[in-house]
Amino acid sequence: MCLVLMCSEEEKVLGTQQAPGSCPYCGGAVMATDVESVRRLCFLPLCRRVKRKYSCTHCSRRLVTYP
């Protein structure tokens with residue numbers, strides 16, 4: 001008897017906008033992207049999160065904010 005669990009995570013971009021500040025690596029503009037992620041277990045949604053990710057438009061580095 002074999003039990004197979006199918007887990008998946010989907011990400012969908014909700015929107016982008018210009019963020020204040022500049023990239024500490026190259027000095028380029030910073031872009032804020034709102035991303036919705038949904039984790040599913042056997043097609044049943046378990047967790048839904050909306051995150052804001054920051055990246056540089058010039059060097060494409062992902063930037064991390066600290067509280």
Side-chain angles (χ1 to χ4, degrees):
M1 184 171 174
C2 181
L3 178 65
V4 177
L5 295 176
M6 295 177 55
C7 298
S8 67
E9 183 174 356
E10 298 175 6
E11 287 190 348
K12 182 171 84 170
V13 175
L14 298 176
T16 59
Q17 61 185 1
Q18 187 76 23
S22 62
C23 176
Y25 301 102
C26 70
V30 177
M31 185 67 67
T33 305
D34 295 323
V35 178
E36 177 185 36
S37 65
V38 178
R39 290 185 181 175
R40 297 180 187 269
L41 176 66
C42 294
F43 307 108
L44 296 173
L46 292 178
C47 180
R48 179 180 173 261
R49 267 196 246 173
V50 177
K51 300 180 201 173
R52 179 164 278 184
K53 296 181 179 181
Y54 296 95
S55 61
C56 176
T57 58
H58 185 69
C59 66
S60 300
R61 263 195 187 169
R62 182 156 181 249
L63 305 173
V64 179
T65 59
Y66 296 105

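Being a predicted model, the structure only gives us computed values, none of them experimental.
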Please list every donor-acceptor pair under 3.5 Å in which a side-chain atom of residues 21-28 meets a protein atom from a residue at least two apart or in another chain.
none

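- Taking CD from E11 and CZ from R49, the interatomic distance works out to 10.0 Å, rounded to the nearest 0.5 Å.
- One distance of note links OG of S55 with CZ of R61; it measures 12.5 Å at 0.5 Å rounding.
- Through chains of ILVMFWY side-chain contacts below 4.5 Å, V50 is grouped with L14.
- In this view, R40 and E10 satisfy the salt bridge (Lys or Arg N to Asp or Glu O under 4.0 Å) rule, not counting sequence neighbours.
- In this structure, the separation between CD on Q17 and OG1 on T33 is 9.0 Å, given to the nearest 0.5 Å.
- One finds the CG atom of L46 at 11.0 Å from the CD atom of E9 (value rounded to the nearest 0.5 Å).
- A search for salt bridge (Lys or Arg N to Asp or Glu O under 4.0 Å) contacts involving R48 returns E36, not counting sequence neighbours.
- Heavy atoms only, all atoms of each residue included: C7 and L41 are closest at SG-CD1, 3.4 Å.
- Looking at residues two or more places apart in sequence or on another chain, you find no side chain to side chain donor-acceptor pair (under 3.5 Å) involving R62.
- Sequence neighbours left out, the pairs with a member in residues 25-35 that pass salt bridge (Lys or Arg N to Asp or Glu O under 4.0 Å) are D34-R52.
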